Chemist: 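My questions will all concern the structure given below.
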Amino acid sequence: MTSGVARLLWRVGLGVAAGALFCAPVWAQVTPRDTVRRGRDTTAVPIPARPDSATADTTARRDTTAARDTVLPPIARAPRPAALGLGGDYVWDRAAIFASGAMTLTDLLERVPGVTGFRTSWLVTPELITYAGSFQRVRLFYDGVELDPLDPRTAGLQELSKIPLWTLEEVAVERAAGELRVHLRSWRVTHTTPATRFDVATGEFNTNLFRGFYGRRFRGGQALQAGFQQFSTTGPFGGDGDQLALFARGGWAGRVWSVDAFVQRTRRLQESQSRRFERADLPRLEGAAQLAYLRVGYRDPDAEGLWAQLIASTQSFDETTEAEPARDFGIPADSADTTRARPQYVAHAGWTRGALRVAASTRLRAFEGETFLSPAARAAFFTDRVQAQLHAERAAEDSSTLLDGELRFTPLERVAASVAASRRMPDGRTGRETEQALRGEVGVRVGRTWLVGGLLARDGGATGAPIVFDPSFLPAAVESQQAVYGAVRGPVYRDVSVDLVATQWTDGGASSLYRPHQQLHGQLTLDTRWLGRFPSGEFGFKASVVMDYRSATTFPVGGSETIATLSSTILSGLIEVRIQDAVAYLQARNFLALQYEQVPGFLMPRNLLVYGVRWQFWN
């Protein structure tokens with residue numbers, strides 16, 4: 001029955017796409033006056049829901065008795081481009097990240113059209129995503145430093161379970177036509193009053209999580225921040241493990257200049273996980289990932305005028321897994337007992353004046369005895385009716401040149417259209433083919449709700465191979481493929497909002513590998529502060545119901561042989577109650593206890609409950 005409901009909602013989503021494409025002029029004729037903010041969507045869509053309290057982490061409420069509290073200029077933040085897609089930006093601030101119920105970065109990114117997530121169990125096991133069917137076209141930037149996949153088990157693919165979501169101030173998704181660029185900004189403090197926060201959670205499969213933060217600014221402009229997270233869990237079919245993550249920042253910020261040093265280290269132990277049929281199990285892993293940088297910043301990249309940043313960083317991955325000679329997992333020979341490190345030096349600069357923004361950057365990497373210089377440039381133009389940006393980048397590591405651009409046109413106050421195109425041209429000596437991609441969207445706004453229809457097309461390139469799950473999985477060439485999708489996003493009635501995205505891809509041949517033919521994500525949320533009863537705003541209630549449907553996903557394993565997952569419909573829910581500075585929550589995943597998998601042979605947990613408290617103090 002749930003599969004029937006999923007297919008019905010999927011058809012509704014695609015119907016929205018058709019309606020948005022053909023009925024936009026009709027809906028546009030009845031509209032009150034509205035305004036368009038430069039460089040971003042015309043509606044602030046509370047998906048995920050609005051911050052869980054008036055004590056949002058970055059603009060937190062202060063104790064009224066702390067008369068000497070002062071707000072100081074912040075430490076520099078990384079530059080990021082504006083999002084020109086329709087239906088609301090895929091941007092989460094710190095409060096929204098925690099209020100979304102996401103435990104890992106994959107949980108957030110699976111809400112983006114064209115993204116499919118893959119994992120084998122709960123929390124500690126590897127997590128990968130594809131964008132338009134490709135594992136290779138996902139890039140992550142942490143405070144302006146591009147994160148390099150150093151774990152040899154992933155074969156150059158981005159493994160997302162290692163990304164410490166809890167250290168972030170913002171997650172912003174840039175949906176280029178040819179690749180997904182995820183910009184991560186770390187948490188900063190501005191108040192001289194010390195802020196302390198503790199999060200505690202527990203749940204099924206012996207899940208236990210402890211998290212703590214401390215941050216303050218000193219009157220001379222100095223900044224001090226620290227935090228930790230520790231969790232452990234057991235899986236029903238193995239994949240047990242635990243993780244300890246630490247981070248610290250020290251620095252100083254004045255009116256226009258800032259300097260800071262940052263380090264974070266995540267050590268993870270993951271036991272082997274069994275499969276339900278005779279194929280390679282998931283091997284044991286013990287290792288640590290580290291990122292450290294020193295940054296000097298001049299002015300804010302989001303402000304008018306000239307800005308610049310210089311960053312010297314290093315990334316490393318240290319694996320100390322003990323050998324298991326009795327079991328052959330097909331791990332790369334250099335995987336166990338190895339350390340990989342890679343320095344990266346970054347220079348950013350830009351200028352903003354009125355509607356015009358220009359920026360340039362260059363990255364210098366050193367690895368395997370060679371140095372690689374990757375320059376990039378971006379130009380953007382924003383007015384009330386037209387927003388456009390162009391991006392060019394030369395990737396020395398694979399000798400390719402990337403060109404992409406995006407244009408958004410708002411001819412009427414409640415009607416908008418956007419188009420994005422991308423072209424990746426490899427060096428002729430590599431023998432690879434040129435990749436091309438296109439994305440187009442048309443949207444109308446009814447009340448505060450966006451109805452969006454879109455098309456995503458891609459030709460050329462390769463999928464990459466997720467050998468971290470199974471060494472026999474193979475890469476495949478991307479044939480010409482297209483997808484249509486429909487979305488409904490935004491408030492629909494008072495404090496009730498919806499976030500629904502349904503996608504259907506062309507099927508057949510290599511174009512159907514590593515992504516489902518049909519996919520749907522739907523979330524219905526009630527988020528209220530009940531101000532009529534609690535006018536101080538110190539009470540909040542949130543309840544969400546989430547449905548995820550995906551059809552079978554095919555994985556190639558040799559020649560013409562493939563294996564596939566079964567289609568699945570998973571229902572989940574989240575309840576939060578906020579009283580002043582404390583938030584109590586209960587999260588239920590797959591509460592119908594259905595059997596499903598995202599990677600062939602690895603069964604996901606059933607009926608998973610997690611509950612806990614987030615509590616912030618101002619000293």
Side-chain angles (χ1 to χ4, degrees), residues 102-142 146-165 171 173 179-182 184 235 239 241 243 266 268 270 273 275 279-283 285 287 289 317 319 329-332 335 458 461-476 478 505 512-516 519 521 548 550 552-557 562-565 568 596-604:
M103 300 292 289
T104 66
L105 184 58
T106 303
D107 291 338
L108 285 181
L109 299 184
E110 284 181 318
R111 309 170 190 210
V112 178
V115 172
T116 304
F118 298 94
R119 67 193 94 190
T120 64
S121 189
W122 168 239
L123 285 183
V124 297
T125 54
E127 298 182 4
L128 301 177
I129 64 171
T130 60
Y131 182 60
S134 175
F135 292 100
Q136 294 182 328
R137 295 300 169 237
V138 178
R139 300 171 67 188
L140 306 177
F141 300 84
Y142 195 105
E146 183 167 7
L147 299 182
D148 296 322
L150 301 181
D151 184 351
R153 300 192 188 203
T154 67
L157 304 183
Q158 290 287 0
E159 204 276 276
L160 273 63
S161 69
K162 299 175 184 175
I163 307 301
L165 187 65
V171 176
V173 177
E179 66 181 18
L180 192 77
R181 297 190 281 264
V182 185
L184 311 173
Q243 185 182 98
T266 303
R268 181 174 63 170
Q270 167 224 303
Q273 183 182 359
R275 292 175 98 160
R279 294 195 67 83
D281 294 340
L282 189 71
L285 171 66
F317 180 78
E319 182 173 356
F329 295 104
I331 304 173
S335 177
R458 186 177 174 214
T463 62
I467 64 171
V468 68
F469 300 131
D470 187 331
S472 66
F473 288 157
L474 299 176
V478 176
W505 289 89
S512 63
L513 300 175
Y514 297 129
R515 55 159 182 75
Q519 191 171 351
H521 170 84
D548 287 289
R550 64 171 71 179
T553 305
T554 305
F555 292 69
V557 292
T562 61
I563 55 177
T565 63
S568 61
Y596 76 106
E597 59 189 13
Q598 295 184 353
V599 178
F602 294 105
L603 293 176
M604 294 290 289

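The chain is numbered in sequence order, starting from 1. Bear in mind the structure is a predicted one, so any value in this text is a computation, not a measurement.
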Chemist: Please round to the nearest 0.5 Å and tell me the distance separating atom CD1 of Ile467 and atom CG of Leu157.
Modeler: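 Reported to 0.5 Å precision, the distance equals 8.0 Å.
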
Chemist: If you compare all heavy atoms of Gly114 against all heavy atoms of Trp505, which two are closest, and at what distance to 0.1 Å?
Modeler: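 Looking at all heavy atoms of both residues, the shortest contact is CA-CZ2, 4.5 Å.
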
Chemist: To the nearest 0.5 Å, what is the distance between OG1 (Thr120) and CG (Leu603)?
Modeler: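 So the OG1 of Thr120 and the CG of Leu603 are separated by 10.5 Å.
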
Chemist: Could you tell me which non-hydrogen atom of Pro600 sits nearest to which non-hydrogen atom of Phe473, and how far apart they are?
Modeler: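 Taking every non-hydrogen atom into account, CD-CZ, 4.3 Å.
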
Chemist: I need the minimum non-hydrogen distance between Asp107 and Ala102, along with the two atoms involved.
Modeler: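 Distance-wise, the nearest heavy atoms are CB-CB, 3.6 Å.
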
Chemist: Pro126 and Phe469: which non-hydrogen atoms are nearest, and at how many Å?
Modeler: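 What the structure gives for the nearest pair is O-CE2, 3.6 Å.
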
Chemist: Do the side chain of Gln519 and the main chain of Val115 share a donor and acceptor less than 3.5 angstrom apart?
Modeler: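 Such a contact is found between Gln519 side chain and Val115 backbone.
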
Chemist: Strictly distance-based, threshold 3.5 Å: is any side-chain N or O of Thr104 a donor or acceptor partner for the main-chain N or O of Ser161?
Modeler: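 No, Thr104 side chain to Ser161 backbone: no donor-acceptor pair under 3.5 Å.
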
Chemist: Walk me through it: do Glu179 and Val138 pass the test side-chain contact (heavy atoms from CB on, under 4.5 Å)?
Modeler: CA-CA 6 Å; Glu179 66 181 18; Val138 178; over 6 Å; no

Chemist: Check the angle between the aromatic planes of Phe135 and Phe118 and answer parallel, tilted or perpendicular using the 30° and 60° thresholds.
Modeler: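 Rings of Phe135 and Phe118: tilted, as their planes differ by 30° to 60°.
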
Chemist: Answer yes or no: is there a side-chain heavy-atom contact under 4.5 Å between Val557 and Ser472?
Modeler: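 A side-chain contact under 4.5 Å exists here.
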
Chemist: Side chains of Thr130 and Thr463, heavy atoms from C-beta outward: is any pair under 4.5 Å?
Modeler: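 Side chain of Thr130 against side chain of Thr463, heavy atoms only: no contact under 4.5 Å found.
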
Chemist: Go through the steps to decide whether Glu110 and Asp548 satisfy the test side-chain contact (heavy atoms from CB on, under 4.5 Å), and finish with yes or no.
Modeler: CA-CA 10 Å; Glu110 284 181 318; Asp548 287 289; 5.8 Å; no

Chemist: Would you say that Val468 contacts Asp151 through its side chain, given a criterion of any heavy-atom pair below 4.5 Å between the two side chains?
Modeler: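 No; the side chains remain at least 4.5 Å from each other.
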
Chemist: Checking Arg550 against Thr116: is there a side-chain donor and acceptor pair closer than 3.5 Å?
Modeler: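 Per modelled atom types, Thr116 and Arg550 side chains form no pair under 3.5 Å.
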
Chemist: Please determine whether side-chain contact (heavy atoms from CB on, under 4.5 Å) holds for the pair Val599 and Leu282, giving the CA-CA distance in whole Å, both sets of side-chain angles, and the decisive distance to 0.1 Å.
Modeler: CA-CA 11 Å; Val599 178; Leu282 189 71; over 6 Å; no

Chemist: Is the closest side-chain heavy-atom distance between Val173 and Leu108 below 4.5 Å?
Modeler: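 When only atoms from C-beta onward are counted, Leu108 and Val173 do not touch, as no gap falls below 4.5 Å.
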
Chemist: Search all heavy atoms of Ala462 against all heavy atoms of Val478 and return the closest pair with its distance.
Modeler: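 Minimum heavy-atom contact is C-CG2, 3.8 Å.
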
Chemist: Under 3.5 Å, side chain of Gln273 to main-chain N/O of Phe602, donor-acceptor pair present?
Modeler: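 It does not hold such a pair.
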
Chemist: Measure from the side-chain N and O atoms of Gln158 to the backbone N and O of Leu147, and report whether any donor-acceptor pair falls under 3.5 Å.
Modeler: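 Present.
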
Chemist: Taking Gln270 for its side chain and Thr125 for its backbone only, find out whether a donor-acceptor pair lies under 3.5 Å.
Modeler: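 The answer is no, because no donor-acceptor pair under 3.5 Å joins these two groups.
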
Chemist: Could you tell me whether the side chain of Arg268 and the main chain of Val124 form a donor-acceptor pair under 3.5 Å?
Modeler: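 Pair found, side chain donor or acceptor close to backbone of Val124.
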
Chemist: For a salt bridge (Lys or Arg N to Asp or Glu O under 4.0 Å) check, start with the C-alpha distance between Arg153 and Glu159, then their side-chain angles and the critical distance, and finish with the verdict.
Modeler: CA-CA 10 Å; Arg153 300 192 188 203; Glu159 204 276 276; over 6 Å; no

Chemist: Is any side-chain heavy atom of Glu146 closer than 4.5 Å to a side-chain heavy atom of Arg139?
Modeler: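 The answer is yes; the side chains approach within 4.5 Å.
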
Chemist: Any heavy-atom pair between the side chains of Val182 and Ile163 that's under 4.5 Å?
Modeler: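 No - every pair of side-chain heavy atoms lies 4.5 Å or more apart.
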
Chemist: Do Met604 and Arg119 make a side-chain contact, defined as non-hydrogen atoms from C-beta onward lying under 4.5 Å apart?
Modeler: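 Yes - at least one pair of side-chain heavy atoms lies under 4.5 Å apart.
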
Chemist: Is a donor on one side and an acceptor on the other found under 3.5 Å between the side chain of Thr565 and the backbone of Thr553?
Modeler: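 Yes, because the side chain of Thr565 sits within donor-acceptor range (under 3.5 Å) of the backbone of Thr553.
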
Chemist: Testing the basics here: between Arg137 and Tyr131, what is the closest heavy-atom pair and its distance to 0.1 Å?
Modeler: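 Looking at all heavy atoms of both residues, the closest pair is O-CB, 3.9 Å.
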
Chemist: To the nearest 0.5 angstrom, please state how far the CD atom of Gln598 sits from the CD atom of Glu127.
Modeler: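 So the gap between those two atoms works out to 8.5 Å.
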
Chemist: Would you say the side-chain atoms of Arg275 pair up with the backbone N or O of Ala280, donor to acceptor, closer than 3.5 Å?
Modeler: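 It does hold such a pair.
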
